[in-house]
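For reference, the structure discussed in these notes is given below.
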Amino acid sequence: MSTATAPQGGAAAAAPQPAAIRVYNTLSKTKEPLEPIRPGQIGMYLCGPTVYAESHIGHMVGPVIFDTIKRFLRYSGYQVTWVVNITDVDDKLIAKSRERKIPMGQIAIEMTADYLANLRELGVNQIDHLPRATDHMGEIIEFIRTLIEKGFAYEVDGDVFFEVAKDPDYGQLSNRTLESMLGDGGEAAGKKRASGDFALWKSARPEEPAWASPWGPGRPGWHIECSAMSHAILGETFDIHGGGLDLMFPHHENERAQSGCCHGAPMVKYWMHNGLMRAGEKGKVGGKSDRQAESDDVAGKISRSRGAGGLSQLIRRHTGERIRFFLLRTHYRSTIVYGEEGLEESGAALAAFYRFFERFAEVTGQSFYDLPAPAHRAEGSFDPAGEGVLVEAAGLRDKFLAAMDDDFNTALAISTLFDLLRAANRHLDQQGLGIGADRETPAVRTLYRLAGVLRDLTSVLGLFRQPPPDQPGRQADQGLTDGLMELLISLRKEARAQKDFATGDRIRDRLAELGVLLLDKKEGTFWERKP
RNA sequence: GGCGACGUGGCCAAGUGGCUAAGGCGAUGGAUUGCAAAUCCAUUAUUCGUCGGUUCGAAUCCGACCGUCGCCUCCA
């Protein structure tokens, strides 16, 4: 993850199969066919965080869906360059720095690390560039200078503002008129020509971090870093720009105005906005120790100011995979209502997949997680050769791909995964496949095929990349637990052999209370932790 | 006040003009089991906030109303 220039693809780029991918564009308010500016290549920019505090689950919605989108686009034959910015200069960072009495840069480093660690946990690993605003001061200043030269911006006492009235397209993205935006102009009201004008450069007050510029020491305003960095890495016009719905105005509207005016070309072809997450029940958002604790609202947008956070704890409690799955089960443009039960439910659903993977391993002696995942959708297709369950699987795979083609409908796509799972389990049941089965039979070959389809499709969603962590924090104890379980199971087996079911059941019930489930199968008794 | 989104079974959630309204969680019945768990099978919305309208036909389009939420100030 460098901030170097965009890779240029080269001749080796896979021939894109222009599958009929359609994307909902906020600008046109319709789904449009995805037609990249440069054939076969897609530049994608997602607004990342301002790193002044720990991230919360709401910050993960965009990264998870865009990570999935990138996986799917690559799978569909496109070469994708994905940029996520880190905004590490900002008024909030300055305020935080005063509060904690440590340098702004220190906070930015800490919070960036927190953000990246969370992304990693959720399987977001497709980002190509993570540019930081402070690393791009030169480009930012150059950008502002150009805007002044072209007459779109003006300087007043070391501050530089963008003059909104100069951009005829202003307001198009968020569907607003200039008249409707008459605010009080904020703290710089006296300096602005119009209250809707926004800061490109803010002069530094004493004690504030500052960079040298043609207008004196200062720092960039919010918005400009995204315009400058996306330009530096993706060029004047790029394909997809994403972010939360709350960024549509003013952030994206302003980015669009700056970039469009600076380059005389549209900044972005497709604007994509993900829905926001909402807290379903009061007090369940995280540390509710906050100033808003007295607020009685039952629901509301999750935000840092409401005391959300503790994402790493949430991950520890639920696993990153569960959270990723939870986010992907709702269409990305919908509001996701966050709640403990929703996460639990996702856990229960996921557990069924984990169980199948175990059955698969029992029969084949191979880990599902080691199965190769096709890199391209054409590689994943196969000939069902008239075999019922494979015909069904092939149909479900088509349905999955069609759902993803239609504006990345992960919720619908996931539903086919459950159908596939049921088909695979049914096959296992009907063929009587279990431990010790002959691995050279057609039935096992079919099982491989079915598991292969699941591997293929779930990889596209970034799911099941590795076995689920078995109750984090308990690993060290694993050997002992295994030994004890072996002992208990053999004791119970003896009791049952003597028809002493009372003792057998007592062992099982007691273990259940402790969160351990016993599964009596033909081949013997197995155990697992309650999901 | 301006702009916008949403309201689908007990809960979550797809579908946005026409096959029997996906899927998950849960529940119920059956197969299996000593009994369970897991798995499989079946059942679980004549109905999509309410009332009107357009249409041969609407959950899907239009209008009104009710309700929830978001943006308009910092926010993924």
(request) Determine the contact category for T416(A): base if any of its heavy atoms lies under 4.0 Å from a base atom, sugar-phosphate if only primed atoms, P, OP1 or OP2 are that close, otherwise nothing. (result) nothing

(message) Just to verify, what does D114(A) make a side-chain hydrogen bond (donor to acceptor under 3.5 Å, both in side chains) with, not counting sequence neighbours?
(response) S55(A)

(request) Can you tell me, in whole Å, how much space there is between the P of rU47(B) and that of rA21(B)? (result) 12 Å

(message) Between rA13(B) and R329(A), counting only base atoms on the nucleotide and side-chain atoms on the residue, is there a donor-acceptor pair under 3.5 Å?
(response) no

(request) Quote, to the nearest angstrom, the C1' distance that separates rA45(B) from rU8(B). (result) 8 Å

(request) Determine if F501(A) stacks with rG34(B); use a centre-to-centre distance below 5.5 Å and an interplanar angle below 30° as the criteria. (result) yes

(request) Enumerate the residues from residues 423-435 of chain A whose closest heavy atom to RNA chain B is under 4.0 Å, giving them by residue number; use none for an empty result. (result) N425(A), R426(A), D429(A)

For nucleotides 6-11 of chain B, which of its nitrogen or oxygen atoms have a protein nitrogen or oxygen under 3.5 Å away, and what is each distance?
none

(message) Please report the distance separating the P of rA14(B) from the corresponding atom of rG24(B), rounded so that it comes out in whole Å.
(response) 15 Å

(message) Any N or O donor-acceptor pair under 3.5 Å from the base of rG34(B) to the side chain of D505(A)?
(response) yes

(request) Mind checking R333(A) for me? I need base, sugar-phosphate or nothing, with any heavy atom below 4.0 Å counting as a touch. (result) nothing

(request) Name all pairs fulfilling the salt bridge (Lys or Arg N to Asp or Glu O under 4.0 Å) condition that reach into residues 55-65 of chain A, sequence neighbours left out, sorted by first residue then second. (result) none

(message) Output the pairing pattern of RNA chain B as a dot-bracket string, 5' first, Watson-Crick or G-U wobble with both distances under 3.5 Å, | for cross-strand pairs, [ ] for crossing pairs.
(response) ((((((((.[[[..)..(....]]]((((((.......))))))....[[[[[..)....]]]]])))))))....

(request) Would you classify R492(A) as touching base, sugar-phosphate or nothing, given that sugar-phosphate means primed atoms plus P, OP1 and OP2, and contacts are heavy atoms under 4.0 Å? (result) base

(request) Go through the structure and list residues passing side chain to side chain contact (heavy atoms under 4.5 Å, CB included) with R22(A), not counting sequence neighbours. (result) K31(A), D406(A)

(request) Let me know, please, whether G48(A) or K499(A) comes out on the 5' side of the other along RNA chain B by nearest nucleotide. (result) K499(A)

(request) For G242(A), report the nucleic acid contact type (base, sugar-phosphate, nothing); a contact means any heavy atom under 4.0 Å. (result) nothing

(message) Does K399(A) reach a base, just sugar-phosphate, or nothing at all? Heavy atoms under 4.0 Å.
(response) sugar-phosphate

(message) Mind checking if H251(A) touches a base, just sugar-phosphate, or nothing, with heavy atoms under 4.0 Å?
(response) nothing

(request) State which residues pass ring pair (Phe, Tyr, Trp, His ring centres under 6.0 Å) with F325(A); sequence neighbours excluded, sorted by chain then number. (result) none

(request) Any salt bridge (Lys or Arg N to Asp or Glu O under 4.0 Å) involving residues 409-419 of chain A? Give me the pairs, sequence neighbours left out, ordered by first then second residue. (result) D419(A)-R422(A)

(request) Tell me, please, which residues at least two apart from Y24(A) pass ring pair (Phe, Tyr, Trp, His ring centres under 6.0 Å). (result) none

(message) Tell me every residue that passes ring pair (Phe, Tyr, Trp, His ring centres under 6.0 Å) with F360(A), counting only those two or more places apart in sequence or in another chain.
(response) Y448(A)

(request) Give a yes/no on whether any side-chain N or O of R355(A) is located under 4.0 angstrom from OP1 or OP2 of rU39(B). (result) yes

(request) Considering only atom C1', compute the distance from rU46(B) to rG57(B) and round it to an integer number of Å. (result) 16 Å

(request) Flag this pair as yes if the NZ/CZ of K521(A) is under 6.0 angstrom from the six-membered ring centre of F526(A) and inside a 45 degree cone about the axis; otherwise no. (result) yes

(request) Decide side chain to side chain contact (heavy atoms under 4.5 Å, CB included) for M272(A) and F66(A); before the verdict, give the C-alpha distance in whole Å, the side-chain angles of both, and the deciding distance to 0.1 Å. (result) CA-CA 10 Å; M272(A) 294 180 69; F66(A) 276 87; 4.0 Å; yes

(request) Name the nucleic acid region contacted by G243(A), choosing base, sugar-phosphate or nothing; use a 4.0 angstrom heavy-atom cut-off, strictly under. (result) sugar-phosphate

(message) The criterion is ring pair (Phe, Tyr, Trp, His ring centres under 6.0 Å); which residues satisfy it with F72(A), sequence neighbours excluded?
(response) none

Could you pull out the protein-nucleic contacts involving nucleotides 26-33 of chain B (nitrogen or oxygen on both sides, under 3.5 Å)?
none

(message) Tell me whether the side-chain N/O atoms of S174(A) come closer than 4.0 Å to OP1 or OP2 in rG4(B).
(response) no

(request) Give a yes/no verdict on a cation-pi contact between R176(A) and F249(A), requiring under 6.0 Å between NZ or CZ and the six-membered ring centre and an angle within 45° of the axis. (result) yes

